Amino acid sequence: MTDAGTSPSVPTQEAKTMAPQMANAIRALSMDAVEKAKSGHPGMPMGMADVATVLFTRFMKFDASAPNWPDRDRFVLSAGHGSMLVYSLGYLLGYDGMTIEEIKNFRQLGAKTAGHPEYGHAPAVETTTGPLGQGLANAVGMALGEAHLAARFGDDVVDHHTYVIAGDGCLMEGISQEAISLAGHLKLRKLIVLWDDNNISIDGPISISDSTDQLARFQASGWATLRVDGHDPEAIAEAIEKAKNSDRPTLIACRTVIGYGSPNKGGTSATHGAPLGVDEIAATREALNWPHAPFEIPEDILSQWRAAGTRGAETRQAWEERIAKNPNCEAFKTAMAGDYAGVLTPAINEYKKGLAAEPQKLATRKASELALNVVNDVVGETIGGSADLTGSNNTKTKNLEVLSADNYAGRYVNYGIREHGMAAAMNGLALHGGVVPYAGTFMVFTDYCRPSIRLSALMGIRVVYVMTHDSIGLGEDGPTHQPVEHLAAMRAIPNLNVYRPCDGVETAECWELSLKTIATPSIITLTRQGLAQARLEHTDENLSARGAYVIAGDDDYDVTLVASGSEVSLAIEARETLAKDGVKARVVSAPCFELFANQPESYRAEILGDKPRIGIEAAIRQGWDIFLGPNDSFIGMSSFGASAPANELFEHFGITVSAVVTEAKRLIG
Ligand SMILES: Cc1ncc(C[n+]2csc(CCOP(=O)(O)OP(=O)(O)O)c2C)c(N)n1
Ligand SMILES: [Mg+2]
């Protein structure tokens, strides 16, 4: 509706006649950049050049001079190996910084034009793609974010589409099933997937490995489907027009020829991921009637592209003027800014004061729910959820309505049993902006989310993973459900804060930190079992922000016990037992190794101390070297868990007060 009057899909006659040559500009830049880099994937951009030309010159609502315009259409290149497609578009459309030099430096150190599109490097790259299927699932989150914000602020403020180019690989990956069934269920009608239906992947024709009727598959999940010749601009335009008017998400199967234009290699996997070679490039120039030198785009073609880049400028300006007068303007801007420190810290401190006044024995998953009650009240942008474990993850707080096809204004997503899709959709929500996603599953299923968690970290976006049942402490469900190596696996991911709070106070602090940390995702790992409150005195200072701090004891000590989460109360008990025998123990709570690693050297030295140390965590030792030297000890797990009541398991695996006491005495001799 906000596009009324601009009819972006009607091209000028000139643009129409020039469309094939405009598409050839993409082809030429792609094959020449790959050739120069001596690596890359020319086939996909050459195959999808016609589709991309129609999309960007006739449909996409964007303004290349304002790449962050909140109401722009989103474009996701899920088939990220075809990165030269989006880089070519970036240059041709005139995005700031996307110079021809960047194209020439494709895949070189420091260039914006990385091997696969990386969020934050080149403009027009809305998400990092390359791991196939992720982009498609990110787009579901983006479309969901759009639907939610449109419901909240009105479609005068938020009204845009999310377009995806996905390849055969994206559709074959398991994550695509989670993504498409979620999108279909949520009736995300503004999500449009353009499938590069070229029947080719790396090992050869798709027929060697798949015979799915993709249209039937999408239809079964509630999608509209269309099929077009991906080299016929009018047919493509007609299909996109139809998709825009659909009441459900739409898949457009675009039948294309991979490496279109290459006379000897086109249509084969030879064009997928290798330079075409000098001779074949010459033959392709001939076949495409493209006599121009590498990286030279004739003025008339470039100016048509540049005109397409500013086609949306008026629409954007009209939007800016309109929302300035909109009563929701301020609230919308606040949501897009996403800075909550001002409201969050006082609310969390009030809540912490209450806990100090009335200490509670709580499972930290329950403590998380209580902290979230506070968070969700003051941060109206959180979108919660769970992968079918709401009652276990405690992620749905009292005032949240369900976000569904009937109520996009809701703030709680029933993601279903789709951990991977959920994590990737959260990335999309965070990238869209205006919302802060958090959602839960069992800690052991970080394995099912890991590729998307890794991308949250690589992109540096604020996504909060709520991972409950964080050790053998979950008990009877047994070793399939008991994380052992998962803390180490998560801590191994760069730019990811892994929190393991020990009680209600630390849990609240970790939530505060997670929401205040804008360029780093967080995992909050939480117990199933109840824990005594360890922090009994109130302080406004967020002690967890240090990553590790002395929670019991003073400067006079013989041994330091470092523990996280459920093992902190065990360490405190061991300290009391040791005291009876005249041994002075100091207890360090370590809720976040990453934040500790970032502390000044002097602080870290003070926490480590100069006496023997014992690390205690119901997980493997890997990663504990940040606290432990070769002469220190570790009490934890070195095998899978077992099925039994939690107390018996801690006993069985030797994670006990008496084990700590014995080890402490041995260490201090
Ligand atoms: C999760 C994942 N697995 C494997 C790869 C390696 N890979 C990159 S492209 C590709 C084939 C993709 O086929 P398709 O989507 O049809 O692309 P096309 O050959 O048509 O360009 C593979 C296996 C990857 N990038 N991501
Ligand atoms: Mg393919």
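Every number for a ligand or one of its atoms is a count from 1 in the order of the listing. All values reported here derive from a predicted model rather than from experimental measurement.
Ion pairing of Arg227 with Asp197 is present here, as a side-chain N (NZ or NE/NH1/NH2) and a carboxylate O approach within less than 4.0 Å. One finds a salt bridge joining Arg72 and Glu126 here, because a Lys/Arg side-chain nitrogen approaches an Asp/Glu carboxylate oxygen to under 4.0 Å. Contact check on Glu485 versus Arg491 returns no salt bridge, with no Lys/Arg side-chain nitrogen under 4.0 Å from an Asp/Glu carboxylate oxygen.
Annotation: Tyr163 is not in aromatic contact with Phe59 [ring centroid separation under 6.0 Å not met]. Outside the 6.0 Å centre-distance limit, the rings of His420 and Tyr448 are not counted as a close aromatic pair.
Residues forming a ring pair (Phe, Tyr, Trp, His ring centres under 6.0 Å) with His272 (at least two apart in sequence, or on another chain): His41, His81. Annotation: side-chain hydrogen bond (donor to acceptor under 3.5 Å, both in side chains) contacts of Glu173 (sequence neighbours excluded): none.
Protein N, O or S atom count below 2.8 Å of the Mg ion (ligand 2): the structure gives 3.
With a 6.0 Å radius and a threshold of 12 heavy atoms from other residues, nucleotides or ligands, Lys265 has its NZ atom above the threshold. More than 12 heavy atoms of other residues, nucleotides or ligands lie within 6.0 Å of CG in Asp229, so this atom counts as buried by the packing criterion.
For ligand 1, the protein residues placed under 4.0 Å by at least one non-hydrogen atom are Met44, His81, Gly130, Pro131, Leu132, Gly167, Asp168, Gly169, Glu173, Asn198, Ile200, Ser201, Ile202, Ile258, His272.
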